[in-house]
Amino acid sequence: MDIARREILAGAAAMAVVAFAGVSGGFLLRSGFDRAGIADLLALLPDKHAAARIGAAWLGRHNELASSWDTLPRLVAERLAKSGWRGGDIDALRALVASLVRTDFETGAIEDVDGWRISRFQAELCGLACLDASRPKARG
Amino acid sequence: MFVDGRQVPSGTVLETDIAIIGAGAAGITLARELIGDSRRVMLIESGGFDLDTDTQALYEGESQGVDYALDAARLRYFGGSTNHWGGFCRPLAEIDFETRDWVPHSGWPLSRADLDPYYTRAQAVCQLGRDLTAADFDDTAAWAKRGLGAPLPFADDAFVTRFFIYSAPLRFGEAYRDEVGRAPNIVTYLNSNVLEIVPDAMARQVELLRIGTLGGHTFDIRPKICVLACGGIENARLLLLSSSVQPAGLGNGNDLVGRFFMEHVHVPGQIALIAMDDKAAIPAGYNEPKEINGALVRAILMPSDAYLRREKRLGLNIAIYPMRAPGAEGTPEAERPSEAGIAQLLQLQSAGASATIFGASCAAEPIPTPGNRVLLAASRDALGQNRAKLVWRPTIEEHRDLARNVDALGQSFGRWGRGLVKALFTEKPAWGEDEIGWGNHHVGTTRMAIDPKQGVVDADARVHGLGNLYVAGSSVFPTGGPVNPTLTIVALTLRLADHIKSINLTGRV
Ligand SMILES: Cc1cc2nc3c(=O)[nH]c(=O)nc-3n(C[C@H](O)[C@H](O)[C@H](O)COP(=O)(O)OP(=O)(O)OC[C@H]3O[C@@H](n4cnc5c(N)ncnc54)[C@H](O)[C@@H]3O)c2cc1C
């Protein structure tokens, strides 16, 4: 079983959507969210597997996000849009991520994942990696 | 001159102008200051020049709360506990002397400015390096220029870079033995234990010191001025043992002697892990002491005064240690997966060269708490004296404060963008036994206050109500700050020396 999925299941038994997920990856990259910058965001992570582990641990404590495939991507897409993201090169996206993360730390939007104090946006990014890795290809 | 107390015939009565009880950091510093003074000085020391197990056993005691080995936390021979101290030196900060409404019983009758000239002199006594002043402990620009590396450029003001300057560590006994021995006006009595400080019938003046040796000799010393310098636990014990005239103990009319005992909790191991995007983002000056211009210096992190005031927090000092690459060998199995992900988040933020994990360890400021105290135990030592009993348990408020400071550390690194923190010490309803380590710093048991109802000694370190009894050492600190005490002990002792030198003894009997 995919590790991210196993951890998600261990963390939140009630997550109906994830319950039938298989080993896969790439759902979000192939879905409509790519246009909203989500695909570019995920492309920033060279090791999606490592990010997905963190995402799984975090989503395990956020059933409201883990129990649907599109709630988290929509939230993240909205935040990117609100920050003025209309697409651009990878360096511009990196800079935007850095500023969103900084804002989170400034405003105390800090999440605890295995004791690591990461920003809400970092957690969301890892959560996306987890969802992306968990979603069955057939349903993409 | 050194005299072995065991050679003094029993029943002898000696007279002196100034008696100093205890030859540790405080006692030796005071004696040195009085070299060449017109007054005769007797320095009275329980031990000899080397560790002797029977004498050391006089330091055994009982503990309640934290299981605290009283005999391992200090040494009882010439040089005192400086025979095994670590040499970490740093002055208390201005805020440590202030009355802070969020720290019960805080506030010294002195300010940092009052002590500044003495700190600079104390640095010379502790041999911390030439041409340094008290300002050097905070001067990030100067140390950066001298090659220690730039301070961490946090985006917020919660944590700032400060410095420990190390003593060799100087063994006061070895370093100053010859100087004290040669001084024409000083006689040091070794193997001589003060058993009781006996005042006159009205308990207004110290009249004599009763001395005993392990061999069973007893003799008396009659001083005009007496300074108690036996260390933070023994100072209280000896006052409590001095009960033949005042049954509750000398200077204990307000039941304060022994109370407010404080230690610096050093959480064993790390309080936090810090994952950095690049090892070089934390300069080497933070990772180990560096020798610069003859001084041994190390950068540490401390909460800023602004943060302490704004958040109403206790002080803290944090040292950083390099550990390993994320997930590398030595990483606990359970940590490996998340460390790889954390490293990736950092590389995403700023593409540093190679991610590294650092550890952060700390020492925290204690809250003065009257129930934490030194008492007399029912059991007795080889001299027939009641042993000390230490009642000490850090409070839950101290736990909460430290956990919140660790949270703030996580926030500071996050805002900076180059590091992420894993908090290993988090808020809980009680201290875990494995969370309590300590620094062997014994503070507060004869606290200083202008009002005799609030403290045992006044601003000159004179015991309230007694005209000629003074206390030297960390027992007089009303609050302990977040750093090691010895530099402050020495600074206060130098100040006391100036005060004693200004006293006119003519006419005193
Ligand atoms: C392992 C360890 C590491 C430490 N590291 C540091 C550090 O890095 N930095 C720092 O600032 N501090 C450190 N300390 C604390 C430091 O050693 C003390 O703060 C300092 O020595 C206290 O000085 P003092 O003169 O008050 O007491 P002491 O140095 O303890 O001297 C007291 C003297 O009084 C004598 N005495 C006691 N009772 C009697 C009696 N009844 N009659 C006659 N003589 C008596 C004793 O024999 C002793 O010589 C450390 C302590 C320990 C144990």
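In what follows, chains are A, B, ... by sequence order, proteins preceding strands, each numbered from 1.
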CG/A:D91: more than 12 non-hydrogen atoms of other groups inside 6.0 Å: yes
Chain B interface, residue from A:V113, A:V101, A:L125 that has the most non-hydrogen pairs under 4.5 Å: A:V101
Over all atoms of both residues, closest heavy-atom pair of B:I342 and A:I54: N-CD1, 3.4 Å
Neighbour count above 12 (heavy atom, 6.0 Å) for B:E94 CD: no
Under 4.5 Å from a heavy atom of chain A, the part of B:L409 involved: neither
Choice from B:A155, B:G410, B:A272, B:A423 maximising heavy atom contacts with chain A below 4.5 Å: B:A423
Close side-chain approach of B:L345 and A:C126, heavy atoms under 4.5 Å: yes
From A:D104 atom CG to B:R415 atom CZ, the distance as rounded to the nearest 0.5 Å: 12.0 Å
Heavy-atom pair count under 4.5 Å with chain B, highest-scoring of A:S119, A:G108, A:P46, A:A95: A:P46
Region of A:L44 in contact with chain B, defined by heavy-atom distances below 4.5 Å: both
Interchain contact, B:Q344 with chain A, by part (heavy-atom threshold 4.5 Å): side chain
A:R117 with B:D407: basic N within carboxylate O range, under 4.0 Å: yes
Nearest atoms (heavy-atom pairs only) where A:R94 meets B:Q347: NH1-O, 3.7 Å
Nearest-0.5 Å distance that lies between atom CG in A:D114 and atom NZ in B:K422: 5.5 Å
Over all atoms of both residues, closest heavy-atom pair of B:L420 and A:W116: O-CZ3, 3.2 Å
Reference residue B:L348; test side chain to side chain contact (heavy atoms under 4.5 Å, CB included); the match among A:L93, A:L45, A:L41: A:L45
Side chain proximity check, A:F105 to B:D156, heavy atoms < 4.5 angstrom: no
Region of B:S338 that comes under 4.5 Å of a non-hydrogen atom in chain A: both
